[in-house]
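Please read all numbers here as calculations on a predicted model, not as lab measurements. Hydrogens, waters and symmetry mates are skipped; everything else that's a heavy atom, side chains included, is used.
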Amino acid sequence: MNRIMVMGASAGAGKSTFAKKLGDILDYEVHHLDALFWKPGWIEASLDEFRTSQEKIALTSRWIIEGNYSNSYDIRVAQADTIIYIDAPRLLCLYRVLKRWITHLGKTRSDMGKGCNEKMEWSFLTFIWTTYYPRKEKMKKRFEEIQQTSPEKKIIFLQNKSEIANFLHELQTNHTNL
């Protein structure tokens with residue numbers, strides 16, 4: 001595992017937290033797509049700027065890139081050797097998003113662009129609710145395609161806290177013994 005994509009079923013799946021822990025274990029830099037996409041004051045980066053920043057990262061030898069962003073998925077998947085998908089239930093994702101909002105109210109999270117204080121909009125919650133299952137289906141098809149066209153890429157599915165904890169524990173144990 002040298003070039004790792006961390007993706008999830010939705011916002012609130014636990015991608016950022018998992019990626020940070022994975023980065024600590026492997027001593028890899030973690031790149032959060034939200035931090036690349038959002039400029040201070042919640043201004044969106046241009047698509048060219050967003051894609052260029054990922055292209056530069058993706059060409060380096062070791063990385064963890066966390067986030068979904070379909071508009072640049074092709075860049076990451078072309079260079080990744082490992083894709084880790086966190087398949088958290090929809091209600092858990094919503095709960096975590098609300099908890100994150102309350103916990104970080106008035107602050108900028110470390111996985112977010114500088115100057116983007118935590119906020120909550122009804123449209124974001126609606127987006128999570130209405131796109132959850134179609135996005136999961138889209139990812140299932142993408143993973144099937146990857147397995148057919150690039151079987152050397154490893155795809156890891158983690159579905160709950162126990163699987164995540166076990167994966168990180170095994171990785172920590174194996175990495176320590178190297």
Side-chain angles (χ1 to χ4, degrees), residues 1-38 45 47 50-90 92-93 96-97 100 109-113 128 131-178:
M1 292 192 312
N2 290 309
R3 296 174 172 167
I4 306 165
M5 291 173 63
V6 175
M7 303 181 72
S10 174
K15 299 178 299 291
S16 297
T17 301
F18 176 83
K20 288 175 193 173
K21 290 177 182 178
L22 185 63
D24 288 344
I25 291 168
L26 297 175
D27 195 27
Y28 285 16
E29 186 171 359
V30 177
H31 305 274
H32 301 280
L33 293 182
D34 282 339
L36 298 174
F37 184 76
W38 293 107
L47 183 56
F50 185 53
R51 289 180 62 87
T52 299
S53 63
Q54 289 175 71
E55 287 167 349
K56 289 177 184 174
I57 295 165
L59 291 175
T60 62
S61 61
R62 296 183 338 160
W63 47 259
I64 297 169
I65 300 178
E66 171 272 318
N68 291 341
Y69 288 88
S70 291
N71 61 7
S72 58
Y73 168 83
D74 59 307
I75 295 167
R76 300 183 306 277
V77 77
Q79 299 298 325
D81 57 44
T82 305
I83 301 167
I84 301 173
Y85 183 75
I86 302 175
D87 191 14
R90 181 168 61 174
L92 179 60
C93 292
R96 287 177 174 165
V97 165
R100 179 174 72 195
R109 300 188 326 261
S110 63
D111 59 311
M112 186 54 68
I128 293 169
T131 64
Y132 179 85
Y133 289 109
R135 288 164 53 101
K136 281 183 63 151
E137 192 60 35
K138 182 178 184 178
M139 288 312 304
K140 179 182 173 189
K141 289 177 183 171
R142 282 181 171 175
F143 294 146
E144 288 171 355
E145 181 181 314
I146 291 168
Q147 289 173 334
Q148 290 174 2
T149 60
S150 303
E152 73 283 359
K153 293 184 188 288
K154 186 171 188 172
I155 302 174
I156 300 165
F157 295 91
L158 301 173
Q159 295 187 308
N160 55 50
K161 277 184 164 182
S162 176
E163 287 183 10
I164 291 169
N166 288 339
F167 177 83
L168 291 171
H169 177 75
E170 284 182 34
L171 191 62
Q172 176 72 52
T173 302
N174 293 337
H175 195 68
T176 303
N177 293 333
L178 293 178

**Q** Taking atom OG1 of Thr52 and atom CG of Leu36, what is their separation to the nearest 0.5 Å?
**A**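 Output value for this atom pair is 11.5 Å.
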**Q** Is the closest side-chain donor-acceptor distance between Tyr69 and Asp34 under 3.5 Å?
**A**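 Result is yes, a qualifying pair exists.
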**Q** Of the non-hydrogen atoms in Ile86 and Gly14, which two are nearest, and what is the gap between them?
**A**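 Of all heavy-atom pairs spanning Ile86 and Gly14, the closest is CD1-O, 3.7 Å.
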**Q** Roughly how far apart are Met7 CE and Ile156 CD1, rounded to 0.5 Å?
**A**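 The CD1 atom of Ile156 is 14.0 Å from CE of Met7, to the nearest 0.5 Å.
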**Q** Nearest 0.5 angstrom please: Glu163 CD to Leu168 CG, how far?
**A**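 Here the interatomic distance stands at 12.0 Å.
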**Q** Kindly determine whether Lys20 and His32 satisfy side chain to side chain contact (heavy atoms under 4.5 Å, CB included), including the steps that lead there.
**A** CA-CA 10 Å; Lys20 288 175 193 173; His32 301 280; 4.0 Å; yes
**Q** Determine the minimum heavy-atom distance between Val30 and Ala19, stating which atoms define it.
**A**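 Residues Val30 and Ala19, closest heavy atoms: CG2-O, 3.3 Å.
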**Q** According to the interplanar angle, ranging from 0 to 90°, do the rings of Phe18 and Phe167 count as parallel (below 30°), tilted (30 to 60°) or perpendicular (above 60°)?
**A**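 Ring orientation of Phe18 relative to Phe167: tilted.
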**Q** Any chance you could measure Leu33, atom CG, to Ser72, atom OG, to the nearest 0.5 Å?
**A**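 Separation between the atoms: 5.5 Å.
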**Q** Classify the ring geometry between Phe157 and Tyr85 as parallel (under 30°), tilted (30 to 60°) or perpendicular (over 60°).
**A**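 Phe157 vs Tyr85 ring planes: perpendicular.
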**Q** How close do Arg51 and Asn71 get, counting heavy atoms only, and between which atoms?
**A**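 For Arg51 versus Asn71, the nearest heavy atoms are NH1-O, 2.8 Å.
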**Q** For the backbone of Asn68 and the side chain of Arg76, can you confirm whether one donor and one acceptor N or O come within less than 3.5 Å of each other?
**A**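 Side chain of Arg76 to backbone of Asn68: a pair is present.
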**Q** Using side-chain hydrogen bond (donor to acceptor under 3.5 Å, both in side chains) as the criterion, list what pairs up with Ser16, not counting sequence neighbours.
**A**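 side-chain hydrogen bond (donor to acceptor under 3.5 Å, both in side chains) list for Ser16, sorted by chain: Glu66, Asp111.
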**Q** Under the salt bridge (charged side-chain N to carboxylate O under 4.0 Å, His left out) criterion, do Asp87 and Lys140 qualify, and how do the steps go?
**A** CA-CA 11 Å; Asp87 191 14; Lys140 179 182 173 189; over 6 Å; no
**Q** Of all heavy-atom pairs between Arg100 and Ala11, which one has the smallest distance, and what is that distance?
**A**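 In this case the closest contact between Arg100 and Ala11 is NH2-CB, 4.4 Å.
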**Q** For Tyr132 versus Pro89, what's the shortest heavy-atom pair and its separation?
**A**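 Heavy-atom minimum between the residues: OH-CA, 3.4 Å.
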**Q** Tell me if a side-chain donor or acceptor on Arg90 pairs with a main-chain N or O of Ser10 at a distance below 3.5 Å.
**A**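 Answer holds: no.
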**Q** Crowded around Lys21 NZ? As in, over 12 foreign heavy atoms under 6.0 Å?
**A**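 Not buried by this count: 12 neighbours or fewer within 6.0 Å.
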**Q** Strictly distance-based, threshold 3.5 Å: is any side-chain N or O of Lys153 a donor or acceptor partner for the main-chain N or O of Ile83?
**A**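 It does not hold such a pair.
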**Q** Atom CD1 in Ile155, atom CD1 in Ile146: separation rounded to 0.5 Å?
**A**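 Ile155 atom CD1 to Ile146 atom CD1 measures 4.5 Å (nearest 0.5 Å).
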**Q** Could you give me the CA-CA distance, side-chain angles and deciding distance for Asp81 and Glu152, then say whether side chain to side chain contact (heavy atoms under 4.5 Å, CB included) is met?
**A** CA-CA 7 Å; Asp81 57 44; Glu152 73 283 359; over 6 Å; no
**Q** Can you name the nearest heavy-atom pair linking Arg96 to Ala88, along with the distance?
**A**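 Taking every non-hydrogen atom into account, NH1-CB, 4.2 Å.
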**Q** Between Met139 and Arg142, does a side chain to side chain contact (heavy atoms under 4.5 Å, CB included) hold up when you go through it step by step?
**A** CA-CA 5 Å; Met139 288 312 304; Arg142 282 181 171 175; 3.6 Å; yes
